[in-house]
Amino acid sequence: MNHDNSSFREKSVVLIGFMGVGKTTIGEMVAKKLYRDFIDIDQEIEKEYNMATSEIFQKIGEKAFREKEKSVISTFSKQKLKIISVGGGAFLQEEIRKVCLEHCIVIYLDLSWESWKERISLIIDSRPVLQGRSIEEIEELFNSRKPIYSLHNSKVDTDNLEADEVADYIVDSLKLAWDLHEPH
Ligand SMILES: Nc1ncnc2c1ncn2[C@@H]1O[C@H](COP(=O)(O)OP(=O)(O)O)[C@@H](O)[C@H]1O
Ligand SMILES: O=C(O)C1=C[C@@H](OP(=O)(O)O)[C@@H](O)[C@H](O)C1
Ligand SMILES: [Mg+2]
C-alpha cells in the first residue's frame, strides 16, 4: 500500500544484504540503466565526515556511525526516484527497516556463504566489522545477520551472476512491477 500517497513508479529503490554482496556496485549500475540518481549511504556518511568508514569507526566509533546512518537513510528514503544502497548493518536498526519499507521498494541481494567466502579479500580492508574476526566468526555473523534481511519486497539470488547481470535482472523486475501497478 502507498502510505505516503506517492505513485508506486516514483518510489525509491533500496538495496539491502550482507557486506560485499554487491549493493554499491549493482546499485550504481541500476541507477545508470534507469537514469536515476544513485545514493550510497556509506559514501554520504564518508563525505560528511571527510573520512573513510574504517577511520570513522576508529576515531568516532561505531555508535556515532550508526546514528549518522539512521539520519542519512531517513532523509534519502523519503525522497523519490532514487536508487539507494545501504550498508549491510543498516537493517539492524528497526527505525531504518521501518522507514525504508514504508517509503521504498526494498530489494534483498542474497548470496550463499560459499560464494561470499571467495570475495573476502576484495572487501576486508575497507570493512571494519570484518577485521580481527576469524573466518568462523565471520560465518557466524553472516548467518546471524540473515533474519534482518528477511523483511523485503523482493529477493534476488546473486550466486553465479555477474554484477551487470544482477543489475539487468533488477531493472527488468522493476519494469514488470511498474507495469502491473499502472492504473487501468
Ligand atoms: N555479482 C558480483 N560478482 C562478482 N563480484 C562482485 C559482484 N558484485 C560485486 N562484486 C565485487 O565485490 C566487491 C564488493 O562489492 P560492493 O558493491 O562494494 O558490495 P557491498 O556494497 O554490498 O558491500 C567489489 O569488489 C565488487 O566489484
Ligand atoms: O555490515 C556492516 O555492518 C557494514 C557494512 C558496510 O557497508 P557494505 O554493506 O556496503 O559493505 C559499511 O556500512 C560499514 O562498514 C558497516
Ligand atoms: Mg556498499
Side-chain angles (χ1 to χ4, degrees), residues 8 11-46 53 65-66 69-70 72-73 76-77 79 81-130 133 135 138-178:
F8 182 75
K11 277 181 177 236
S12 288
V13 173
V14 170
L15 300 183
I16 64 166
F18 197 69
M19 280 164 273
V21 294
K23 302 177 296 295
T24 298
T25 312
I26 292 160
E28 195 166 9
M29 289 173 173
V30 170
K32 275 216 178 82
K33 287 172 196 282
L34 292 173
Y35 304 98
R36 286 193 178 190
D37 291 337
F38 173 63
I39 311 290
D40 183 84
I41 299 298
D42 290 327
Q43 288 168 10
E44 293 300 320
I45 298 170
E46 291 181 340
T53 299
F65 176 87
R66 296 300 177 196
E69 184 173 45
K70 186 165 64 184
V72 173
I73 292 176
F76 282 108
S77 64
Q79 297 179 2
L81 296 165
K82 307 281 184 237
I83 305 296
I84 304 169
S85 292
V86 302
F91 258 44
L92 287 167
Q93 301 192 62
E94 196 196 346
E95 274 180 76
I96 294 181
R97 295 197 293 270
K98 207 168 154 237
V99 79
C100 291
L101 288 158
E102 183 173 348
H103 297 281
C104 309
I105 299 174
V106 176
I107 301 179
Y108 168 34
L109 302 186
D110 196 12
L111 186 66
S112 68
W113 170 250
E114 291 310 314
S115 305
W116 187 89
K117 258 193 326 193
E118 308 284 312
R119 237 177 253 179
I120 190 160
S121 63
L122 296 173
I123 63 168
I124 188 85
D125 291 342
S126 52
R127 306 306 197 277
V129 173
L130 300 178
R133 291 190 201 242
I135 192 74
I138 294 175
E139 184 176 10
E140 228 179 278
L141 181 71
F142 183 92
N143 288 324
S144 73
R145 288 265 185 98
K146 278 203 162 153
I148 63 167
Y149 307 127
S150 65
L151 287 169
H152 54 254
N153 299 114
S154 172
K155 179 174 107 156
V156 184
D157 177 1
T158 69
D159 268 58
N160 307 311
L161 292 179
E162 297 292 334
D164 193 48
E165 294 175 306
V166 181
D168 281 337
Y169 178 85
I170 290 172
V171 168
D172 289 348
S173 311
L174 284 168
K175 286 183 175 167
L176 268 177
W178 289 334

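Numbers for residues simply follow the sequence, beginning at 1.
- With contacts defined as side-chain heavy-atom distances shorter than 4.5 Å, the pair T53/P128 qualifies.
- Salt bridge present: K33 and D164 bring a charged side-chain N and a carboxylate O closer than 4.0 Å.
- In this structure, L81 and R36 approach most closely via the heavy-atom pair O-CD, 3.1 Å.
- Taking a 6.0 Å sphere around NZ of K32, one finds it holds 12 or fewer heavy atoms contributed by other residues, nucleotides or ligands.
- Within the 4.5 Å cutoff, the side chain of F8 has heavy atoms near those of the I105 side chain.
- Within the model, atoms CD1 of I26 and CG of D168 stand 10.5 Å from one another, a figure rounded to the nearest 0.5 Å.
- Taking the six-membered ring where tryptophan is involved, the planes of F142 and W116 are tilted, since the angle between them lies from 30° to 60°.
- Under a cut-off of 6.0 angstrom, the local environment of OH in Y169 is sparse, with at most 12 non-hydrogen atoms contributed by other residues, nucleotides or ligands.
- Side-chain atoms of R133 and E140, non-hydrogen and from C-beta on, never get closer than 4.5 Å to each other.
- Side chains of T24 and Q43 form a contact here, defined as non-hydrogen atoms less than 4.5 Å apart.
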List the atom pairs, donor and acceptor, that lie under 3.5 Å between side-chain atoms in residues 150-158 and the rest of the protein, sequence neighbours left out.
from	atom 1	to	atom 2	distance (Å)
S150	OG	P147	O	2.7
H152	ND1	Y149	O	2.7
H152	ND1	S150	O	3.4
N153	OD1	V106	N	2.8
K155	NZ	D110	OD2	3.3
D157	OD1	D159	N	3.2
T158	OG1	D110	O	2.7

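- Side-chain contact check for V166 versus T25: every heavy-atom pair is 4.5 Å or farther apart.
- With values rounded to the nearest 0.5 angstrom, I107 atom CD1 is found 7.0 Å from S173 atom OG.
- Within the 4.5 Å cutoff, no side-chain heavy atoms of V30 are placed close to those of V13.
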Set out, in order, the CA-CA distance, both residues' side-chain angles and the distance that settles side-chain contact (heavy atoms from CB on, under 4.5 Å) for I138 and R127, then state yes or no. CA-CA 12 Å; I138 294 175; R127 306 306 197 277; over 6 Å; no
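- Between S85 and G27, the closest heavy-atom pair is OG-CA, 3.9 Å.
- With rounding to the nearest 0.5 angstrom, the OG atom of S12 is 7.0 Å from the CD atom of Q79.
- Residues S115 and L111 share a closest heavy-atom pair of CB-CD1, 3.7 Å.
- Annotation: side chain of K175 is in contact with side chain of L34 (closest heavy-atom distance under 4.5 Å).
- In this structure, CD1 in I73 is found 11.0 Å from CD in E44, a value given to the nearest 0.5 Å.
- In this structure, I41 and I84 have side chains that are in contact, with non-hydrogen atoms separated by less than 4.5 Å.
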For a side-chain contact (heavy atoms from CB on, under 4.5 Å) check, start with the C-alpha distance between F18 and I148, then their side-chain angles and the critical distance, and finish with the verdict. CA-CA 10 Å; F18 197 69; I148 63 167; over 6 Å; no
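- Remark: I120 CD1 to D125 CG distance equals 10.5 Å, nearest 0.5 Å.
- Closest approach of V21 and R119 over heavy atoms only: O-NH1, 3.3 Å.
- Taking a 6.0 Å sphere around CD of E162, one finds it holds 12 or fewer heavy atoms contributed by other residues, nucleotides or ligands.
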Which donor-acceptor pairs under 3.5 Å do side chains of residues 88-98 form with protein atoms, sequence neighbours excluded?
from	atom 1	to	atom 2	distance (Å)
Q93	NE2	R66	O	2.9
E95	OE2	K70	NZ	3.4
R97	NH1	F91	O	2.7
R97	NH1	L92	O	3.4

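- Within the model, atoms CD1 of I39 and CG of L15 stand 12.5 Å from one another, a figure rounded to the nearest 0.5 Å.
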